[in-house]
Amino acid sequence: MMLRWCRSVINGLKFPLIAGIERTQSSIGGFSTSAWACKHNDFYQDLDQKFIQFHKKLMESLPSSDWTPLPPTGHLPPERADIVIVGGGVMGWSIAYWLKQKENRRGALRVVVVERDPTYTRASTVLSAGSIRQQFSRPENIQMSLFSALFLRNINEYLGVVNEDPIDIQFNPSGYLFLASDQGASALEENYSVQREQGAQVLLMSPTQLKEKFPWINTDGVALASYGLENEGWFDPWMLLNAFKRKALSMGVYQCHGEVTGFTSSKREMLTDMHELVTLRRINQVIVQVPNSLESQPVECALVINAAGPWSSHVAELAGIGTGPADSIESIKLPVEPKKRYIYVLHCPDGPGLNCPMLIDTSGAYFRREGFGGNYIAGRSPAEEEEPDISNLEVDHNFFQEKVWPCLAHRVTAFQSLKDSVAMVCNTLLLLAVALLSL
């Protein structure tokens, strides 16, 4: 309401004072002032034009406009911030959004997001399969996923921006379908009990029921299936990333294109109750290397959030984590390392139709429908001894022919035709491999 009122008031300004001066004639000491008015008419016309230009620029500077009276410095981060987030993928921008949601007044918290690859060509966010499920074994994961599903269904209530187009992440709630052999059936039943306790809508199906629901599935080797009835499916991760980013920027978050190359910190020492000397470190500055330049910008901050995805361990090492003496706590590395995964795009006109879920086979291979033109995406995690090289994003087509296709062809008869005529576009995905620490 206030924005609408401001616009109407500004639109109503016609600068009557200037117009009145131009049109008025008066008499001073018996002499007409009309000549004086004519002499200065051009001056006031120019002044009137200046006001009109000012009015136009003021309108452009209202919310939803990109105009700023200051020269652009988007390539440089601010000199000071409260919180610096390293990594501008969906996790980084999501953190920035929720931090700004918690501030008690606008501008109370200065948040900076640093991303080294503004094109996101190597980002896990946009190279992922973009899926969501509640079929986990731990209650914490299930609860987070249930909220995430609610968030995605009502995304415009959370991430909508005034005067911007509505958000459409193309959420497809077709569900997850896990298939289990005799060896994995008991684990599937245990997970099902946990999921139901947490409120997830999941259904267990026998091979007969599975065949009735999805006639195109070969149930050979399947002892039990678990199917998500709601709040599971897939979406466009690129759209979700941009929705978080657009909303966070509208809330006052700063973005910076550059790479974090180091930190400056202060330290102090203290003795524990066991009289052991402990060194405490506190980061004071984040050093950001500006792209295509020798320039580095230090950013003073109170807190740093590591959201660098697969490269989080490297960022932690820059802060001294995992680089200390062998027997010290500083020697413990952040248990995150990059893993490369292949996602293959397949074309099979006779494949499963619109009711095709994200299917995870007993072998670990998976596939799901992609669009409506007989296209699918598929993949499989390699064995530990087959982990591919992470130094590049090249695709191993033989891995599909030898490890993925046989599983797909066994489970879905229509996929047998892919052996001789594979029309694939392949992406690679750097995922996180997290080793959980025992508490």
Side-chain angles (χ1 to χ4, degrees), residues 85-102 111-136 141-176 200 228 230-257 305-312 341 343 345 357-358 366 368-372 375-377 379 425 427-432:
I85 300 173
V86 183
V90 70
M91 294 301 298
W93 283 108
S94 173
I95 293 170
Y97 162 73
W98 288 110
L99 285 173
K100 297 296 284 186
Q101 275 286 92
K102 298 300 182 181
V111 180
V112 178
V113 176
V114 182
E115 170 57 43
R116 66 177 179 177
D117 179 20
T119 63
Y120 294 98
T121 53
R122 295 175 60 88
S124 299
T125 297
V126 298
L127 295 177
S128 71
S131 304
I132 181 174
R133 60 184 168 101
Q134 280 84 56
Q135 296 186 63
F136 293 100
N141 288 338
I142 300 170
Q143 287 294 328
M144 286 191 293
S145 188
L146 284 170
F147 174 77
S148 297
L150 177 66
F151 183 93
L152 294 180
R153 287 185 176 276
N154 300 280
I155 191 168
N156 280 285
E157 297 181 13
Y158 292 97
L159 302 183
V161 178
V162 176
N163 294 336
E164 295 286 350
D165 293 334
I167 303 165
D168 181 10
I169 62 170
Q170 301 177 24
F171 182 45
N172 191 320
S174 294
Y176 263 69
E230 63 178 37
N231 294 329
E232 292 189 335
W234 54 90
F235 54 88
D236 187 338
W238 174 251
M239 295 299 295
L240 180 61
L241 167 63
N242 281 281
F244 270 117
K245 181 178 179 180
R246 185 181 71 173
K247 182 63 175 181
L249 290 174
S250 74
M251 299 170 76
V253 175
Y254 294 82
Q255 68 170 329
C256 169
H257 298 155
I305 298 177
N306 187 351
W311 316 114
S312 296
R341 297 292 180 262
I343 296 180
V345 180
M358 168 73 90
Y366 70 87
R368 69 163 172 82
R369 178 173 53 82
E370 178 69 15
F372 304 101
N375 296 321
Y376 305 85
I377 66 170
V425 179
N427 280 333
T428 56
L429 169 62
L430 288 174
L431 290 177
L432 303 183

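None of the values given here were measured: they were computed from a predicted structure.
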Check your understanding: Is there a donor-acceptor contact under 3.5 Å from the side chain of Asn141 to the main chain of Phe136?
Key -> no
Exercise for review: I would like to know whether Ser174 and Met358 meet side chain to side chain contact (heavy atoms under 4.5 Å, CB included); could you show each step before the answer?
Suggested key: CA-CA 7 Å; Ser174 294; Met358 168 73 90; over 6 Å; no
Review point. Quick one: OG on Ser128 to CH2 on Trp238, what's the gap to the nearest 0.5 Å?
Key: 12.5 Å
Show which side-chain atoms of residues 85-100 pair as donor or acceptor with protein atoms under 3.5 Å away, not counting sequence neighbours.
| from | atom 1 | to | atom 2 | distance (Å) |
| --- | --- | --- | --- | --- |
| Trp93 | NE1 | Gly88 | O | 3.2 |
| Tyr97 | OH | Gln101 | NE2 | 3.4 |
| Tyr97 | OH | Tyr158 | O | 3.3 |
| Lys100 | NZ | Glu103 | OE1 | 3.2 |
| Lys100 | NZ | Glu103 | OE2 | 3.3 |
| Lys100 | NZ | Leu109 | O | 2.7 |

Check your understanding: Of the non-hydrogen atoms in Gln135 and Gly228, which two are nearest, and what is the gap between them?
Key -> NE2-N, 3.2 Å
Point to revise | Contacts of Tyr376 that satisfy side-chain hydrogen bond (donor to acceptor under 3.5 Å, both in side chains) - sequence neighbours left out | key: none
Point to revise | Closest non-hydrogen atom pair, Asn156 against Ile167 | key: OD1-N, 2.7 Å
Review point. For the residue pair Pro357 and Gly175, what are the closest heavy atoms and their distance?
Key: CB-O, 3.3 Å
Check your understanding: Given Asp168 and Gln170, is the side chain to side chain contact (heavy atoms under 4.5 Å, CB included) satisfied, shown in steps?
Key -> CA-CA 5 Å; Asp168 181 10; Gln170 301 177 24; 4.0 Å; yes
Review point. So, does Asp117 use its side chain to make a donor-acceptor pair with the main chain of Thr121 at under 3.5 Å?
Key: yes
Revision key, fill the gap. Here the pair of heavy atoms bringing Pro118 nearest to Glu115 is N-CG, 4.3 Å
Review point. So how far is it from Leu159 CG to Asn154 CG, rounded to the nearest 0.5 Å?
Key: 11.0 Å
Exercise for review: May I ask you to test the Ser131-Arg368 pair for a side-chain heavy-atom distance under 4.5 Å?
Suggested key: yes
**Study point:** Interatomic spacing from CD in Glu370 to CD1 in Ile343 - rounded to 0.5 Å
**Key:** 9.5 Å
Review point. Got a second to check how far Asn163's CG is from Ser250's OG, nearest 0.5 Å?
Key: 11.5 Å
Study note, to complete from the structure: In terms of heavy-atom contacts, Ile132 and Phe171 come closest through CG2-CE1, 3.8 Å
Review point. Counting only N and O atoms by type, is there a donor-acceptor contact under 3.5 Å from the side chain of Arg246 to the main-chain atoms of Ala248?
Key: no
Review item, side-chain donor-acceptor pairs of residues 142-153, under 3.5 Å, at least two apart:
| from | atom 1 | to | atom 2 | distance (Å) |
| --- | --- | --- | --- | --- |
| Gln143 | NE2 | Gln198 | O | 3.3 |
| Gln143 | NE2 | Gln198 | OE1 | 2.7 |
| Ser145 | OG | Arg133 | O | 2.3 |
| Ser145 | OG | Gln134 | NE2 | 3.0 |
| Ser148 | OG | Met144 | O | 2.9 |
| Arg153 | NE | Asn231 | OD1 | 3.1 |

Point to revise | Audit row: Tyr254, Val111, side chain to side chain contact (heavy atoms under 4.5 Å, CB included) steps and yes/no | key: CA-CA 6 Å; Tyr254 294 82; Val111 180; over 6 Å; no
Practice item. Could you check Val253 against Lys247 for side chain to side chain contact (heavy atoms under 4.5 Å, CB included), going step by step and ending with a plain yes or no? Key: CA-CA 9 Å; Val253 175; Lys247 182 63 175 181; over 6 Å; no
Review point. Can you tell me how far CZ of Arg341 sits from CG of Leu127, rounded to the nearest 0.5 angstrom?
Key: 14.0 Å
Review point. Does any N or O in the side chain of Gln255 come within less than 3.5 Å of the main-chain N or O of Val113, such that one atom is a donor and the other an acceptor?
Key: no
